[in-house]
Amino acid sequence: MVAVALVGALATPARAEPADLVARPLVLARHEVEANLTLEVNLRARSIGVPLSLAPDLWVGVTPRLTLGLIHGNRSLDQIDVGGSLCLRGNDQVCDATYQGSGIDARYAWRDDVAPRVRLVLRDLDPAKPALTAGALARWQRGRFAITSDPYLRLGLANRDEGNRDALVVPLWLAVQPVERWLVALHTGWNSELAVIRDGWHVPLGVATTVRPWRRLEVSAELGFVSLLGPQNQFQDRALLVTIGWTQAVSSWP
């Protein structure tokens, strides 16, 4: 019986209660679906609300360890930014078309606290900017506190001379769950295109909060600076991301 229990523990990642946001699994359970809709609002002075974008994301638990997703927003790429699909208002530089691109997201629970992750994304359509990202989602959690990171290397697959450059993204979240169903986090990290890594790096900074009022419904908000620190920082670039998420188990799948 002990051997059977150990095999079962290795075969399926541990599951936290829905109210325990700080210890949620890094992947979805098999047959579980998570749908998010994020409103991305530009808060730059004199151009508040322009760009304004709406980004739908959908993930499905294919096996107990493999989760696949269709992504559109900056939040799904760990970015504090605006301009993901679908654009409601834009300008010539950001959101110059309604549909900006999308991506496929795959993550696998190697361990309960580490999930290697690969994304194939289309960052823009004109010109086309396909890219591949490779990294891993990892978390250290003790009690009500957690440190999470999702570092990845982004490789431009075409039109590299038109802005689709290779980049290194190292996001970092410091989170605390004061009470059940409520999470507060500091979001920062370090990002840079590899070609200008010495003088082109930047540090984002944001404050995020997540509330789960019901078992399946989740509401998140993040307010932050796109590039607060770095040689070419832009203190005025600010963004607000508001996300409504729904998680549902679909037991009728084969």
Side-chain angles (χ1 to χ4, degrees), residues 28 33-44 47 49-60 62 67-107 116-137 150-171 187 189 191-196 200 202 204 206 220 222 224 226-227 234 237-246:
L28 297 176
V33 176
E34 179 183 343
N36 289 344
L37 186 63
T38 301
L39 180 66
E40 304 174 343
V41 185
N42 181 42
L43 296 182
R44 184 182 177 93
S47 59
V50 181
L52 180 69
S53 47
L54 197 60
D57 300 312
L58 178 69
W59 290 272
V60 177
V62 179
T67 293
L68 297 179
L70 178 64
I71 57 176
H72 293 88
N74 286 287
R75 189 170 182 258
S76 62
L77 293 171
D78 312 316
Q79 304 286 313
I80 305 173
D81 208 346
V82 298
S85 295
L86 308 157
C87 288
L88 305 179
R89 289 202 297 264
N91 52 43
D92 293 338
Q93 288 75 40
V94 182
C95 271
D96 56 348
T98 302
Y99 185 75
Q100 294 292 110
S102 59
I104 298 173
D105 179 14
R107 59 184 187 265
R117 191 173 196 176
V118 176
R119 303 178 184 98
L120 180 62
V121 296
L122 183 59
R123 302 177 57 227
D124 202 350
L125 297 178
D126 187 21
K129 295 180 179 179
L132 178 69
T133 77
L137 180 61
D150 187 19
Y152 61 86
L153 180 65
R154 189 187 74 211
L155 303 174
L157 302 180
N159 290 318
R160 297 158 64 93
D161 57 342
E162 297 191 56
N164 194 26
R165 295 178 175 177
D166 300 341
L168 179 63
V169 180
V170 186
H187 178 190
N191 309 328
S192 180
E193 294 182 348
L194 298 185
V196 291
H202 64 276
S220 301
E222 180 170 11
V226 178
S227 178
Q234 295 291 334
D237 286 347
R238 301 180 291 268
L240 172 65
L241 308 179
V242 180
T243 302
I244 297 177
W246 184 268

Side chain Glu34, main chain Leu28, donor-acceptor under 3.5 Å: no

Distance (rounded to the nearest 0.5 Å) between Asp105 CG and Thr133 OG1: 7.5 Å

Shortest non-hydrogen contact between Asn36 and Gly245, atoms and distance: OD1-CA, 3.1 Å

Separation of Thr243 OG1 from Asp57 CG (nearest 0.5 Å): 8.0 Å

Non-hydrogen atoms of Ser53 and Cys95 that approach each other most closely: CB-SG, 4.2 Å

Over all atoms of both residues, closest heavy-atom pair of Val118 and Leu132: CG1-CD1, 3.7 Å

CD on Gln234 to CZ on Arg44, rounded to 0.5 Å: 6.0 Å

Min side-chain heavy-atom separation Tyr99-Leu86 under 4.5 Å: yes

Heavy-atom neighbours of Leu70 CG exceed 12 at 6.0 Å: yes

Full working for side chain to side chain contact (heavy atoms under 4.5 Å, CB included) between Gln79 and Asn191: CA-CA 10 Å; Gln79 304 286 313; Asn191 309 328; 4.2 Å; yes

Considering all heavy atoms, the nearest Gln100-Ser85 contact: N-OG, 2.6 Å

Pairing of Arg107 and Asp150 as salt bridge, 4.0 angstrom limit: no

Residues Ser220, Arg75; criterion side chain to side chain contact (heavy atoms under 4.5 Å, CB included); working and verdict: CA-CA 11 Å; Ser220 301; Arg75 189 170 182 258; 3.5 Å; yes

Leu54 CG to Thr38 OG1 distance, which is reported to the nearest 0.5 Å: 8.0 Å

For Val94 against Asn91, the heavy-atom pair lying closest together: N-OD1, 2.7 Å

Approximate separation, where rounding is to 0.5 Å, of Glu193 CD and Asn164 CG: 9.0 Å

Heavy-atom check, side chain of Val226 versus side chain of Arg238, under 4.5 Å: no

CA sep, side-chain torsions, deciding dist, call: Val33, Leu58, side chain to side chain contact (heavy atoms under 4.5 Å, CB included): CA-CA 7 Å; Val33 176; Leu58 178 69; 3.5 Å; yes

Heavy-atom neighbours of Arg154 CZ exceed 12 at 6.0 Å: yes

Trace of the side chain to side chain contact (heavy atoms under 4.5 Å, CB included) decision for Asp81 with Leu241: CA-CA 8 Å; Asp81 208 346; Leu241 308 179; over 6 Å; no

Min side-chain heavy-atom separation Ser227-Asp237 under 4.5 Å: no

Heavy-atom side-chain proximity of Leu168 to Ser192 below 4.5 angstrom: no

Straight-line distance of Glu40 CD to Leu240 CG, nearest 0.5 Å: 10.0 Å

Where Gly206 and Glu222 come nearest, the two heavy atoms and their spacing: CA-OE2, 4.2 Å

Validation row: Leu77, Ile71 side chains within 4.5 angstrom (heavy atoms): yes

